Structure formats: C-alpha cells, structure tokens
Protein chains: 2
Amino acid sequence: MRLTTRGRYAVTAMLDLALNIKKRPVTLSEIADRQGISQSYLEQLFSKLRKKGLVDGTRGPGGGYKLGRSAALISVGDVISAVNEPVDATQCGGQKNCRGENPCLTHDLWQELSLQIQNFLSGVSLKELMDKESKNSGAKAPLTSLTPIHMQVNSAIKTSVF
Amino acid sequence: MRLTTRGRYAVTAMLDLALNIKKRPVTLSEIADRQGISQSYLEQLFSKLRKKGLVDGTRGPGGGYKLGRSAALISVGDVISAVNEPVDATQCGGQKNCRGENPCLTHDLWQELSLQIQNFLSGVSLKELMDKESKNSGAKAPLTSLTPIHMQVNSAIKTSVF
DNA sequence: CCTATAACCAAGTAATTTAGTCAAGAATAG
DNA sequence: CTATTCTTGACTAAATTACTTGGTTATAGG
C-alpha cells in the first residue's frame with residue numbers, strides 16, 4: 001500500500017465525480033477545472049480506474065464518467081491501490097532467504113502492518129466521505145471524525161498501551 | 001501523511017534496532033547488513049530520526065544507536081512522519097479560495113481522511129509489532145491480526161455499510 | 001598519544017516516480 | 001457531418017528516492 005499525492009488526486013477526483021453527478025455523466029474537463037488537476041493526468045488516472053471497474057466512461061457529446069458501482073461499494077483503498085503499481089515489500093520476493101540470521105523478520109512485520117493499513121482504507125467508502133460532506137455543507141462547524149466508533153476503540157487501545 | 005518505501009525502510013530499521021538491542025547499542029552497519037539497506041541511506045534516515053528524538057546515537061567504538069524512548073512510546077506514525085517532509089495537501093495553503101464553485105471541498109475531505117490514517121498509525125507502537133514477532137518466533141503459524149479489537153469493529157462497520 | 005570505530009555531515013548522482021504535454025484515434029449525440 | 005468526449009500512446013520535465021563519495025568529529029582501548 002503506497003500513499004502519495006497520486007492517490008490523493010485519484011480520491012479527490014472520485015469524490016468530485018461522486019458529488020457532482022446528478023443525471024449526466026461528469027466530464028474530465030469539469031473535474032480538472034474544479035480541482036485544479038491537469039486533464040491529461042486525470043485521463044491517465046481514470047484509465048486505471050476504468051480498468052479496475054471503478055468508473056464507467058461514455059464517449060461523445062453529453063458523455064463523461066460515472067461511478068462503476070455504488071459509492072458505498074467503493075472504498076478509498078480501492079481507489080488508491082487502483083492508481084498505484086503493486087509493490088513487493090520484500091527484496092527476496094516472498095522467499096525467506098534474504099539474510100542468514102534474521103530472514104525477512106522485519107519484512108513480515110511490515111507486510112502485516114501494510115495489510116492493516118489496507119484493511120483500514122478498505123473500511124472507508126466514498127459514500128461515508130460524501131455523507132460527511134453533505135452533513136457539513138453550509139455549516140460553519142469544522143469537520144470531525146469520519147468513523148468515530150473504531151477511532152474511539154483505537155485511542156482506547158492506545159491509552160491502555162501507553 | 002505519506003507512505004512510501006522510505007517510510008518502510010525507516011520502520012524496518014527501527015524494528016531491527018528495537019529487536020536486536022540487548023545491552024550494547026546497535027550499529028548502522030549491522031542494520032544495513034541484516035536488512036539489506038545502504039548504510040549511508042540509513043545514516044540520512046537516522047539523522048532525521050535522531051532530530052525527532054526517536055533514537056539516541058553514541059559515537060566511537062562500542063557505540064551505535066538505541067531507542068530514544070520506550071518502544072511502547074514510539075508509534076509507527078512517529079517513525080514514518082519523521083523521515084518524510086511535511087506536505088500541504090491543498091494548493092491554496094489552507095485558504096479556501098482555490099476555486100469559485102466548490103472551494104477546497106474535496107481537499108477538506110482528503111485532509112480529514114489523511115488525519116484518520118495518521119491517527120491509525122499513531123495507534124500502532126513498535127512494541128506491539130515486536131510482541132507480535134516474539135509470539136510467532138519459531139512457530140509455523142502465520143501472522144494474524146496485530147490489533148484484533150478495532151479491526152473487528154472496523155469490519156463490523158464495513159459490513160453494516162455494505 | 002595513537003588508532004580504530006562509529007556517529008555525524010554535506011554534496012553530488014543515478015534511478016524511479018510523478019505530473020504534465022502533445023498528438024493522435026474512436027465512439028456518439030445532434 | 002461535426003463537435004464532443006473518451007481513449008491511447010509516446011514523450012518530457014520535475015520531484016523524490018536511493019545511493020555514493022568523501023569527509024569530520026567523538027571516544028574507547030591500547
């Protein structure tokens with residue numbers, strides 16, 4: 001799981017798409033204009049998103065993109081991993097023969113952690129983010145926690161460990 | 001919060017350090033050798049880790065690095081953000097004047113999500129990862145979940161949403 | 001004091017990734 | 001037929017990452 005500005009662009013664009021689609025598909029030039037991202041760069045990102053089935057494109061006038069499935073069924077993790085090349089964290093490629101003494105020990109731990117992050121991001125859907133937005137639209141209150149429940153549990157664990 | 005191979009190197013090295021320190025400090029050449037990372041690259045990473053107080057270095061023969069504080073008090077988030085330059089996600093720099101129509105809308109949402117990831121990674125300490133390791137050392141059982149509790153809650157949320 | 005060790009520091013470089021440009025082609029609504 | 005919009009590919013500039021080189025300081029042990 002990699003997390004760079006590239007993934008941020010993709011999530012931002014997908015959110016823009018999800019929020020602005022009413023009836024007509026949303027064009028890339030609209031998104032590019034609203035979010036200040038190069039259209040051609042968006043084209044590359046959406047090419048990958050389309051291949052993963054996260055968006056559907058229709059050509060011609062009145063065309064554009066729409067979500068490949070319900071926003072509730074698209075996770076942030078889906079979007080981010082769609083636009084990133086898969087990385088193998090271990091230099092031995094899954095074999096445990098890296099070193100003699102401590103073979104891939106910390107690699108396994110990182111792999112495990114990486115999986116946890118992946119799981120976390122798979123637990124946040126576009127719909128949750130959209131709902132968050134609509135709840136705060138027009139209001140002056142700052143954005144609060146997205147998914148309070150497991151965050152509270154998490155901080156409970158944290159305080160119990162410390 | 002950025003998440004690249006750079007952060008992986010840092011976490012891996014910190015884990016190696018935490019696992020292999022018994023009485024003597026651990027030298028970078030040891031870590032470099034065990035983990036297959038360039039020593040000079042480690043020096044750069046540890047320079048940043050030291051400036052954040054995450055490690056203490058002692059020079060001369062018998063010298064090396066030790067943890068700046070208890071492994072229970074060092075989170076994975078600490079390590080990762082220590083070796084990365086801070087990024088401002090918005091191109092307007094906190095001002096809400098990016099666009100006319102949808103000012104920084106999705107930016108706010110990304111900011112919120114980014115904060116969540118940060119919180120999540122702040123909830124996982126080096127000690128948790130170490131304990132995970134020692135529990136599985138010598139055993140053939142595969143690694144299971146690190147922090148089962150909030151993961152279970154998380155998946156519960158997920159299934160309730162879907 | 002001398003020497004080896006190992007942290008510290010800084011500049012530069014190769015490789016990779018990111019972000020963007022440019023130039024086409026293909027589908028389709030009107 | 002034409003304008004629109006996706007789709008594709010190749011190419012380029014910028015940024016980041018990973019690594020190299022060549023030092024300097026501090027210190028333990030002889």
Side-chain angles (χ1 to χ4, degrees), chain A residues 1-13 17 21 23-33 35-68 80-89 91, chain B residues 2-13 17 21 23-33 35-68 80 82-89 91:
Chain A
M1 173 100 310
R2 205 180 320 185
L3 196 57
T4 65
T5 50
R6 188 189 187 87
R8 193 186 73 216
Y9 277 137
V11 171
T12 300
L17 171 56
I21 200 169
K23 224 183 109 193
R24 301 256 159 229
V26 181
T27 67
L28 288 189
S29 69
E30 288 178 58
I31 300 177
D33 195 40
Q35 303 302 329
I37 310 172
S38 149
Q39 178 170 343
S40 295
Y41 191 43
L42 279 179
E43 284 172 2
Q44 292 172 39
L45 296 182
F46 272 70
S47 168
K48 299 194 171 196
L49 293 171
R50 195 175 59 88
K51 278 162 187 163
K52 292 288 170 64
L54 298 179
V55 294
D56 275 342
T58 55
R59 303 200 222 191
Y65 283 98
K66 56 188 178 60
L67 295 181
I80 291 174
S81 56
V83 296
N84 284 321
E85 301 304 319
V87 273
D88 63 338
Q91 58 254 56
Chain B
R2 205 180 320 187
L3 197 58
T4 64
T5 51
R6 188 189 187 88
R8 193 186 74 216
Y9 278 136
V11 172
T12 300
L17 171 55
I21 201 168
K23 222 182 110 193
R24 301 255 157 231
V26 181
T27 68
L28 287 188
S29 70
E30 289 177 56
I31 300 177
D33 196 40
Q35 302 302 330
I37 311 172
S38 150
Q39 177 171 343
S40 296
Y41 191 43
L42 278 180
E43 283 175 5
Q44 293 171 40
L45 297 182
F46 272 69
S47 170
K48 299 193 170 197
L49 293 171
R50 194 175 60 85
K51 277 162 187 163
K52 292 288 171 63
L54 298 179
V55 294
D56 274 342
T58 56
R59 303 200 224 193
Y65 283 99
K66 56 187 178 62
L67 295 181
I80 291 175
V83 297
N84 285 320
E85 302 304 320
V87 274
D88 66 335
Q91 58 254 56

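Remember, it's a predicted structure, so these values are computed and weren't measured experimentally. Atoms considered below: every heavy atom in the structure, side chains included; atoms not considered: hydrogens, waters and symmetry mates. Note on naming: letters A, B, ... go to the chains in the order of the sequence lines (proteins, then strands), and numbering restarts at 1 for each one.
One interatomic measurement links the two molecules: CD of B:E43 to P of C:dC9, which rounds to 11 Å at whole-angstrom precision. The distance between atom CG of A:L28 and atom P of C:dT21, rounded to the nearest whole Å, is 14 Å. Across the protein-nucleic acid pair, A:L3 atom CG and C:dT17 atom P stand 16 Å apart, rounded to whole Å. The distance between atom CG of B:L54 and atom P of C:dA7, rounded to the nearest whole Å, is 17 Å. Per the geometry, CG belonging to A:D33 stands 16 Å off P belonging to D:dT4, to the nearest Å. In this structure, B:L45 atom CG and D:dT20 atom P are separated by 14 Å, rounded to whole Å. The interatomic distance linking A:K48 (NZ) with D:dG9 (P) rounds to 13 Å, in whole Å. Atom NZ of A:K51 is separated from atom C1' of D:dC6 by 13 Å (rounded to the nearest Å).
In this structure the side chain of A:L45 reaches within 4.5 angstrom of the side chain of A:R6, judged on heavy atoms. You'll find the side chain of A:L67 stays beyond 4.5 Å of the side chain of A:I21, heavy atoms only. Two residues are said to be in side-chain contact when any heavy atoms from C-beta on lie closer than 4.5 Å; A:T5 and A:R8 meet this criterion.
With DNA chain C read from its 5' end, the first of the two nearest nucleotides for A:Y9 and A:G62 is the one closest to A:Y9. Along DNA chain D, the nucleotide closest to B:G7 and the one closest to A:Q39 are compared, and the more 5′ of them pairs with A:Q39.
A:Q44 comes within 4.0 angstrom of a nucleotide base, judged by non-hydrogen atoms across all strands. Using a 4.0 Å heavy-atom distance criterion, A:T58 is classed as a sugar-phosphate-only contact. B:T27 comes within contact range of the sugar-phosphate backbone alone, with a heavy-atom separation under 4.0 Å but no base atom that close. Contact annotation for B:T4: backbone-only contact, meaning every heavy-atom pair under 4.0 Å involves sugar-phosphate atoms and none involves a base. Counting any heavy atom pair closer than 4.0 Å across all strands shown, A:F46 reaches no nucleic acid atom. Across all strands shown, B:E85 has no heavy atoms under 4.0 Å from either base or sugar-phosphate atoms.
Closest to the side chain of A:S40, out of D:dT17, D:dC19, C:dT21, is C:dT21. In this structure, the nucleotide among C:dT17, C:dC9, D:dA28 sitting nearest to the side chain of B:P61 is D:dA28.
Of the side-chain N and O atoms in A:Y41, one or more sit less than 4.0 angstrom from OP1 or OP2 of C:dA19. OP1 or OP2 of C:dC8 has at least one side-chain nitrogen or oxygen of B:Y65 nearer than 4.0 Å. OP1 or OP2 of D:dT5 has not a single side-chain nitrogen or oxygen of A:S29 nearer than 4.0 Å. Contact annotation: A:R50 reaches the phosphate of D:dT7 (side-chain N/O to OP1 or OP2, under 4.0 Å).
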>> What verdict does the salt bridge (Lys or Arg N to Asp or Glu O under 4.0 Å) test give for A:R50 and A:E43, after you've listed the backbone C-alpha separation in whole Å, the side-chain angles of each residue and the deciding distance to 0.1 Å?
In response: CA-CA 10 Å; A:R50 195 175 59 88; A:E43 284 172 2; over 6 Å; no
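Applying side chain to side chain contact (heavy atoms under 4.5 Å, CB included) to B:Y65 and the options B:T27, B:L28, B:V26 leaves one that passes, B:L28.
To the nearest 0.5 Å, the span separating CG on B:L42 from CD on B:E30 amounts to 12.0 Å.
The base of D:dT25 sits with one of its N or O atoms less than 3.5 Å from a complementary donor or acceptor on the side chain of B:R59.
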